[in-house]
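First up is the structure itself, then whatever we jot down about it.
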Amino acid sequence: MNIAVIGTGYVGLVSGTCFADSGNNVTCVDIDEDKVGRLRDGQIPIYEPGLETIFARSQREGRLTFTTDIGDAVPQADIVFLCLPTPPGGDGQADLSAVMAVAKQLGPIVDSYTVIVNKSTVPVGTGDRVEAIIGQHIDPELFDVVSNPEFLREGAAVEDFKYPERVVIGTGSDQAADIMTTLYEPFVRSGNPIIVMDRRSAELTKYAANAMLATKITFMNEIANICEKVGANVDNIRRGIGTDSRIGKRFLFAGIGYGGSCFPKDVQAIHHTAGQHGYDFKIVDSVMQVNNAQKVSIVRKMEEYFDTDDFSGMTFGLWGLSFKPETDDIREAPALYIAEELVKRGAKLLAYDPEAIGTFKKATSQAVLDNTSFVHNQKAALDDIDALVICTEWNEFRRPTVDNFAEEMKHPVIFDGRNLYDLKRAEKAGITYISVGRPAINVN
């Protein structure tokens with residue numbers, strides 16, 4: 001099939017590349033001339049494992065091209081994917097300006113039957129609005145608007161796209177459903193379902209999925225906070241409830257909260273949608289409040305340990321800046337908030353991340369930049385520090401055994417926001433180790 005992908009952000013670039021890798025002819029469109037130029041030269045602007053190989057192959061074989069001209073891509077396309085940013089506004093409502101702007105452009109240039117697909121995460125009813133805008137210019141028989149939400153995990157997006165657990169297609173058109181099913185059939189040969197439903201249900205499905213996962217994470221963080229009060233171990237509780245098939249093992253790891261481009265934005269958006277329709281979504285409201293507090297909970301533990309809220313003269317190592325491992329995405333990353341709070345209290349920082357130093361520098365405040373030295377290996381972040389703070393669970397951070405910290409650190413004190421290390425080994429090594437929802441080790 002001939003496919004146009006409008007927007008070369010995370011979702012657009014991964015989707016376009018994977019569609020091209022499966023044999024389709026894909027043209028990706030973006031208004032950023034510099035970005036398009038770099039993509040044409042084979043430069044990928046995001047870090048995503050596995051993407052570089054299939055990007056290079058698809059581009060080399062002529063199935064993946066890039067342009068700034070939407071008029072070049074859309075008329076020849078059977079399917080047009082809208083992969084546009086929908087950031088949260090000040091009230092949490094998704095900003096649909098980019099989606100609506102492109103919808104206005106599509107009407108005059110669609111000249112044969114085309115499936116217009118909203119792959120961006122959008123509020124319920126967005127498909128109706130896009131359909132109305134396009135329908136002002138062309139015969140309704142020439143197009144259908146479909147909702148096809150993405151369920152990609154950063155760090156595993158290529159795998160998720162090529163082997164999806166399910167594909168959701170929201171449309172009332174049999175013709176559009178047949179075209180979309182044909183497009184996705186190569187990706188579900190193992191038998192995972194293509195679920196066709198009405199468009200509004202598909203739009204809400206994405207929000208419901210992310211709100212559920214965010215709630216599960218937040219629930220375990222609440223359990224972890226109780227564990228710290230009563231002397232229990234959240235790891236034991238995770239194993240105890242995760243073996244229950246009704247609950248499952250995933251998203252039960254306690255830590256310093258969720259971040260990223262999806263969970264915070266989508267939880268806010270579904271909360272806003274509920275409010276617009278007069279419904280008080282109490283669970284989601286609590287999830288947001290708890291998560292905001294959880295992001296900086298480790299700073300409170302540091303204040304308790306050092307018995308002060310003035311960290312002047314202290315230097316802390318920071319391991320991990322991205323919101324999760326295997327990505328350079330720092331959107332809503334706990335490290336952003338932790339660094340800000342530590343600097344406010346007078347601290348200096350030595351920060352390391354395998355991929356996210358550049359993106360972190362662009363997103364953080366000038367105050368943090370002025371008080372942070374960015375180093376290029378994890379060992380350098382241990383030099384003459386008063387304590388180490390772990391914010392992201394990169395695999396390479398798991399490799400140093402706790403036995404080595406006493407040798408590497410002048411003050412072997414670790415505040416672990418991701419529970420990377422075994423408590424017994426930490427105790428035996430003689431380091432001070434404070435994690436989330438587990439007993440503190442070697443604290444006087």
Side-chain angles (χ1 to χ4, degrees), residues 213-259 283 286-309 311 314 316-320 324 334-335 337-338 341-342 345 385-393 397-398 400-406 409 411-444:
L213 296 175
T215 301
K216 198 172 181 181
I217 293 168
T218 304
F219 176 81
M220 285 306 294
N221 285 335
E222 289 277 68
I223 293 295
N225 293 338
I226 296 173
C227 286
E228 293 174 4
K229 300 289 186 184
V230 303
N233 186 328
V234 73
D235 283 347
N236 293 334
I237 295 169
R238 170 177 55 81
R239 289 190 290 266
I241 68 175
T243 49
D244 187 327
S245 61
R246 298 169 300 175
I247 297 172
K249 299 177 181 179
R250 300 178 66 183
F251 291 89
L252 294 182
F253 288 86
I256 47 176
Y258 61 77
I283 290 177
S286 296
V287 166
M288 293 189 292
Q289 292 181 38
V290 170
N291 192 64
N292 288 337
Q294 195 72 16
K295 285 181 179 180
V296 294
S297 59
I298 206 164
V299 177
R300 295 195 299 272
K301 294 177 181 180
M302 296 173 74
E303 290 176 336
E304 291 174 6
Y305 175 78
F306 290 108
D307 195 26
T308 182
D309 60 1
F311 295 153
M314 296 185 184
F316 300 119
L318 207 62
W319 274 8
K324 63 179 288 189
Y337 296 86
I338 291 169
E341 292 299 319
L342 292 177
R345 289 159 175 76
I385 58 174
D386 293 279
L388 173 67
V389 183
I390 302 175
C391 299
T392 314
E393 63 273 33
F397 297 161
R398 300 177 188 275
T401 65
V402 288
D403 311 273
N404 294 335
F405 282 113
M409 297 175 66
H411 305 287
V413 180
I414 299 174
F415 294 89
D416 184 357
R418 298 302 180 186
N419 291 359
L420 297 188
Y421 305 118
D422 180 77
L423 297 180
K424 291 181 179 179
R425 295 189 68 175
E427 185 173 19
K428 185 177 179 182
I431 66 171
T432 297
Y433 182 62
I434 299 169
S435 51
V436 181
R438 306 190 296 176
I441 302 300
N442 295 326
V443 176
N444 294 330

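Along the sequence shown, residues carry numbers from 1.
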- Minimal non-hydrogen separation, I390 against I256, with atom names: O-CD1, 4.3 Å

- Query: Can you find a pair of side-chain heavy atoms, one from F311 and one from L342, that are under 4.5 Å apart?
  - Reply: yes

- Start with the C-alpha distance between I338 and V299, add both sets of side-chain angles, then the distance that settles side chain to side chain contact (heavy atoms under 4.5 Å, CB included), and finish with yes or no. CA-CA 7 Å; I338 291 169; V299 177; 4.2 Å; yes

- dist E304:CD -> D309:CG (nearest 0.5 Å) comes out at 12.0 Å

- Message: Please determine whether side chain to side chain contact (heavy atoms under 4.5 Å, CB included) holds for the pair N419 and D235, giving the CA-CA distance in whole Å, both sets of side-chain angles, and the decisive distance to 0.1 Å.
- Response: CA-CA 9 Å; N419 291 359; D235 283 347; 4.2 Å; yes

- Message: Test ring pair (Phe, Tyr, Trp, His ring centres under 6.0 Å) on Y258 and F251; report intermediate values, then the result.
- Response: CA-CA 10 Å; Y258 61 77; F251 291 89; over 10 Å; no

- Message: Taking R246 first and then D244, would you say they form a salt bridge - that is, a charged N and a carboxylate O separated by under 4.0 Å?
- Response: yes

- Message: Could you report the tightest heavy-atom contact between N442 and I431, atom names first, then the distance?
- Response: ND2-O, 2.8 Å

- Item | Nearest atoms (heavy-atom pairs only) where A224 meets A254 | CB-CB, 3.7 Å

- Message: So, taking the atom named CG in L252 and the one named CD1 in I247, what distance separates them when rounded to the nearest 0.5 Å?
- Response: 7.5 Å

- Item | Between CD1 on residue I441 and CG on residue D416, distance to nearest 0.5 Å | 12.0 Å

- Between R418 and P334, the two heavy atoms sitting closest are NH2-CG, 3.6 Å

- Query: Atom CD in Q294, atom CG in N225: separation rounded to 0.5 Å?
  - Reply: 4.5 Å

- Are S297 and R300 close enough, and set up right, to give a side-chain hydrogen bond (donor to acceptor under 3.5 Å, both in side chains), and what steps lead you there? CA-CA 5 Å; S297 59; R300 295 195 299 272; 4.7 Å; no

- Task: For the residue pair T215 and I283, establish whether any side-chain heavy-atom pair is separated by less than 4.5 Å.
- Result: yes

- Message: If you count every heavy atom of other residues, nucleotides or ligands that lies below 6.0 Å from F306 atom CZ, does the total exceed 12?
- Response: yes

- Go through F316 and L388 one step at a time and tell me if the side chain to side chain contact (heavy atoms under 4.5 Å, CB included) criterion holds. CA-CA 6 Å; F316 300 119; L388 173 67; over 6 Å; no

- Query: When rounded to the nearest 0.5 angstrom, what distance separates CD1 in I217 from CZ in R250?
  - Reply: 10.5 Å

- Query: What do the steps show when you test I414 against T432 for side chain to side chain contact (heavy atoms under 4.5 Å, CB included), and what is the final call?
  - Reply: CA-CA 6 Å; I414 299 174; T432 297; over 6 Å; no

- Taking every non-hydrogen atom, the tightest pair across M220 and V234: CE-CG2, 3.9 Å

- Message: How long is the straight-line distance from CG of N233 back to SG of C227, given to the nearest 0.5 Å?
- Response: 7.0 Å

- Examine Y421 together with W319 and report whether their ring centres are nearer than 6.0 Å. no

- Salt bridge flag under 4.0 Å for residues E228 and K301: yes

- How close do V443 and Y305 get, heavy atom to heavy atom, and via which atoms? CG1-CD1, 4.2 Å

- Task: Could you tell me whether Y433 and F415 have their ring centroids closer than 6.0 angstrom?
- Result: no

- Heavy-atom side-chain contact between T308 and E303 under 4.5 Å: no

- Message: With a 3.5 Å distance limit and no angle check, can you tell me whether N221 reaches the backbone of G255 through a side-chain donor-acceptor pair?
- Response: yes

- Item | R398 bridged to E393 by N-O distance under 4.0 Å | no

- Please check if the side chain of N291 supplies one atom and the backbone of V287 the other of a donor-acceptor pair under 3.5 Å. no

- So does E341 pair up with R345, basic N to acidic O under 4.0 Å? yes

